[in-house]
Amino acid sequence: HESSSLSDLESKIQSAALQNKLTIIDFTATWCGPCKAIAPLYKELSEEFDAQFIKVDVDENPDAAQKYGVSAMPTFLFIKGGEVVDRLMGANAARLKELIAEWSL
């Protein structure tokens, strides 16, 4: 799922928190090479794990990037219970999978 506004993103985060589900946000940009490289894996992981996966284009939704202090792409945020519990900067496929597995328990 893509999220184009901060209010939309926050409502998705709250909804997942009520269901006790992990939310993973991929802060990305169309001009970012590493973002494009890891996109297929992110999609694959979204089908493998029972969590909410959201993509945020920082150019379309700068308010969300600013709120969460995202300055480099890709940045992955892990949110549980409405709070950021972890973050991963860069297209590190192995670490991304590890963190999703760890936090989705």
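Counting from 1, the numbers follow the sequence of the chain as shown.
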S.K.: What are the two closest heavy atoms between Pro74 and Ile38, and how far apart are they?
M.R.: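 Of all heavy-atom pairs spanning Pro74 and Ile38, the closest is CG-CG2, 4.5 Å.
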S.K.: More than 12 heavy atoms of other residues, nucleotides or ligands under 6.0 Å from NZ of Lys80: is that the case?
M.R.: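 For Lys80, atom NZ is crowded (more than 12 foreign heavy atoms under 6.0 Å).
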S.K.: Please name the pair of heavy atoms, one in Ala39 and one in Lys55, separated by the smallest distance, quoted to 0.1 Å.
M.R.: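 Looking at all heavy atoms of both residues, the shortest contact is CB-NZ, 3.6 Å.
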S.K.: Within the 4.5 Å heavy-atom criterion, are Lys21 and Asp50 side-chain neighbours or not?
M.R.: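 Result yes, sub-4.5 Å side-chain heavy-atom pair found.
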S.K.: Check whether more than 12 heavy atoms from other residues, nucleotides or ligands sit under 6.0 Å from atom CD of Gln19, and answer yes or no.
M.R.: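 For Gln19, atom CD is crowded (more than 12 foreign heavy atoms under 6.0 Å).
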S.K.: Compute the centroid of each ring, for Tyr42 and then for Phe53, and state whether the two points are separated by less than 6.0 Å.
M.R.: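 When the ring centroids of Tyr42 and Phe53 are compared, they turn out to be within the sub-6.0 Å range.
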S.K.: Which value, rounded to the nearest 0.5 Å, describes the distance between Glu98 atom CD and Trp103 atom CH2?
M.R.: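 Nearest 0.5 Å value for the CD-CH2 distance: 13.5 Å.
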S.K.: Examine distances only and state if a side-chain atom of Ser15 and a backbone atom of Lys12 form a donor-acceptor pair shorter than 3.5 Å.
M.R.: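 It does not hold such a pair.
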S.K.: Consider side chain to side chain contact (heavy atoms under 4.5 Å, CB included). Of Leu9, Thr75, Val84, which one does Ile25 pass it with?
M.R.: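 Single side chain to side chain contact (heavy atoms under 4.5 Å, CB included) partner of Ile25 among Leu9, Thr75, Val84: Leu9.
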S.K.: Is a donor on one side and an acceptor on the other found under 3.5 Å between the side chain of Arg87 and the backbone of Tyr68?
M.R.: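 Judged by distance alone, yes, a pair lies under 3.5 Å.
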S.K.: Starting at NZ of Lys67, measure out to CG of Leu6 and round the result to the nearest 0.5 Å.
M.R.: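 The CG atom of Leu6 is 6.0 Å from NZ of Lys67, to the nearest 0.5 Å.
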S.K.: How about Asp8 and Ser3: does a side-chain donor come under 3.5 Å of a side-chain acceptor?
M.R.: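 Distance-only check passes for Asp8 and Ser3.
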S.K.: Identify the heavy atoms of Ala29 and Asp59 that sit nearest to each other, and give their distance.
M.R.: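 Looking at all heavy atoms of both residues, the shortest contact is CB-OD2, 4.2 Å.
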S.K.: Counting only heavy atoms not in Gln66, do more than 12 fall under 6.0 Å of its CD?
M.R.: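 It does not: Gln66 CD has 12 such atoms or fewer within range.
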S.K.: From Ile24 CD1 over to Phe78 CZ, what is the distance, rounded to the nearest 0.5 angstrom?
M.R.: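 Reported value, rounded in 0.5 Å steps: 6.0 Å.
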